Amino acid sequence: MRPVHHAPANYRCPFCRFARNEFDELNAEGDLVARTDAVVARVSPKWWPNNPGHVIVSPVEHFENLYELPQAVGQALFDSIQKVAIAMRETYCCDGISTRQHNEPAGGQDVWHHHVHVFPRYHGDDLYLRHDESVYVPVEDRARYGSLLREFLKEE
C-alpha cells in the first residue's frame, strides 16, 4: 500500500514534541504515564465528560497512521496499551476499558501521528454519544491521573 498522509506541510506534531520533552499546557511533563524506547503513554489533555484521565499511547517515532506502523512497534504499542489498561482498571476503579484508534479524516483521525486512546469506562457514561462535549483540561487536573498510573506501573 502506498503511504497515505494527511498532515499539512510544516506540521508540528504534538506527540513528537512530547516525546522530545517539549512541554507546554497541552504537553505537560506530569502527563507522562510510561515510556519505553518505542512507546510513550501520557494522560490526554482532552477529556470527555464522564471519562476523566484517559490515556494516549503512541510510538516515539513518527508514523502518521496504522498503515505504516512496523510490526515490532505495533507489538510494543499493544504491550503498553495492555499495561495502561490494567493500571487504569486498578487505580481508577472504573467498570471497564475501551480503546480507540483512528486513521485518516474519514476515520476520525485529527492528530497526524499514530496513537491509541485508552478510556476508563463506567456504566452509563455515554462515551460514544458525547464526542462533541470533550474539553481541554488544566495541567493540574491531568497530573493527579498521571501520578496514579505511574505509581501503579512502578510497582509492577
Side-chain angles (χ1 to χ4, degrees), residues 1-20 22-28 30-36 38-89 91-92 94-139 141-143 145-146 149:
M1 176 178 195
R2 289 188 346 245
V4 178
H5 294 148
H6 296 279
N10 301 316
Y11 182 63
R12 292 198 62 230
C13 177
F15 296 168
C16 287
R17 285 186 289 125
F18 188 85
R20 290 190 304 263
E22 294 176 14
F23 302 122
D24 60 26
E25 68 280 351
L26 297 180
N27 284 311
D31 295 343
L32 181 68
V33 171
R35 184 183 180 122
T36 67
V39 177
V40 173
R42 44 96 56 108
V43 175
S44 175
K46 188 175 185 182
W47 291 2
W48 280 251
N50 297 320
N51 309 88
H54 98 271
V55 171
I56 295 172
V57 184
S58 61
V60 170
E61 188 176 345
H62 187 88
F63 301 99
E64 183 168 313
N65 49 50
L66 180 64
Y67 313 129
E68 59 189 28
L69 190 69
Q71 278 187 324
V73 176
Q75 183 63 52
L77 194 74
F78 184 82
D79 290 346
S80 291
I81 292 164
Q82 184 182 40
K83 288 176 183 176
V84 166
I86 291 167
M88 189 178 283
R89 182 74 170 87
T91 62
Y92 290 14
C94 53
D95 300 319
I97 300 291
S98 286
T99 59
R100 292 196 325 202
Q101 195 278 317
H102 309 280
N103 297 281
E104 301 186 80
Q109 185 177 12
D110 61 2
V111 175
W112 310 115
H113 186 124
H114 178 80
H115 60 286
V116 177
H117 297 264
V118 182
F119 285 96
R121 296 301 306 273
Y122 304 91
H123 293 291
D125 65 16
D126 293 328
L127 173 65
Y128 298 115
L129 301 176
R130 303 187 77 179
H131 182 74
D132 293 337
E133 298 176 48
S134 61
V135 296
Y136 287 98
V137 296
V139 171
D141 293 350
R142 302 189 317 257
Y145 289 90
L149 296 171

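None of these values were measured; they are calculated from a predicted model.
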Practice task
Using modelled atom types only, decide if a donor and an acceptor are shared between the side chain of Asp24 and the backbone of Asn27 within a distance under 3.5 Å.
Solution key: yes
Results of side chain to side chain donor-acceptor pair (under 3.5 Å) for [X] - residues two or more places apart only:
{"X": "Arg130", "answer": "Glu133"}
{"X": "Glu61", "answer": "none"}
{"X": "Asn103", "answer": "Gln101"}

Exercise for the section: Begin from the C-alpha positions of Met88 and Val118 and carry the test side chain to side chain contact (heavy atoms under 4.5 Å, CB included) through to its verdict. Expected result: CA-CA 9 Å; Met88 189 178 283; Val118 182; 4.1 Å; yes
Problem - side chain to side chain contact (heavy atoms under 4.5 Å, CB included) against Arg20, all qualifying residues, sequence neighbours excluded - result: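 So Arg20 forms a side chain to side chain contact (heavy atoms under 4.5 Å, CB included) with Cys16, Arg17, Glu22.
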Completion exercise
Rounding to 0.5 Å, atoms CG (Leu32) and CG (Leu149) come to a distance of 10.5 Å
Exercise for the section: To the nearest 0.5 angstrom, please state how far the NE2 atom of His114 sits from the NE2 atom of His102. Expected result: 11.0 Å
Practice task
For residues Arg42 and Leu26, report the shortest heavy-atom separation together with the two atoms involved.
Solution key: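 Shortest heavy-atom separation between Arg42 and Leu26 comes out as NH2-O, 2.7 Å.
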Completion exercise
What one should report as the nearest heavy-atom pair of Val60 and Thr36 is CG2-O, 4.0 Å
Pairwise side-chain contact, [X] with [Y], heavy-atom cut-off 4.5 Å (strictly under):
{"X": "Pro14", "Y": "Val111", "result": "yes"}
{"X": "Ile97", "Y": "Phe119", "result": "no"}
{"X": "Arg121", "Y": "Leu127", "result": "yes"}

Indicate every side-chain donor-acceptor pair of residues 74-83 with a distance under 3.5 Å to a residue at least two apart or in another chain.
from  : atom 1 : to    : atom 2 : distance (Å)
Gln75 : NE2    : Asp79 : OD1    : 3.0
Ser80 : OG     : Ala76 : O      : 3.4

Handout entry: salt_bridge(Asp31, Arg142) N-O dist < 4.0 Å
Key = yes
Practice task
Quick one: list whatever passes ring-ring contact (aromatic ring centres under 6.0 Å, His included) with Phe23, sequence neighbours left out.
Solution key: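 Once residues adjacent in sequence are excluded, the partners of Phe23 under the ring-ring contact (aromatic ring centres under 6.0 Å, His included) criterion are Phe18.
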Could you give the side-chain donor-acceptor pairs of residues 48-58 under 3.5 Å, partners two or more places apart or in another chain?
from  : atom 1 : to     : atom 2 : distance (Å)
Asn50 : ND2    : Asp125 : O      : 3.2
Asn51 : ND2    : Pro120 : O      : 2.8
Asn51 : ND2    : Asp125 : OD2    : 2.8
His54 : ND1    : Lys46  : O      : 3.3
His54 : NE2    : His117 : ND1    : 2.9

Let me check something: any side-chain donor-acceptor pairs from residues 62-72 under 3.5 Å, sequence neighbours excluded? List them with distances.
from  : atom 1 : to     : atom 2 : distance (Å)
His62 : ND1    : His113 : ND1    : 3.1
His62 : NE2    : Trp112 : O      : 3.1
Glu64 : OE1    : His6   : N      : 3.4
Glu64 : OE1    : Ala7   : N      : 3.4
Glu64 : OE2    : His6   : N      : 2.4
Asn65 : OD1    : Tyr67  : N      : 3.3
Asn65 : ND2    : Val4   : O      : 2.6
Tyr67 : OH     : Glu104 : OE2    : 2.8
Glu68 : OE1    : His5   : NE2    : 2.8
Glu68 : OE2    : Glu64  : N      : 2.6

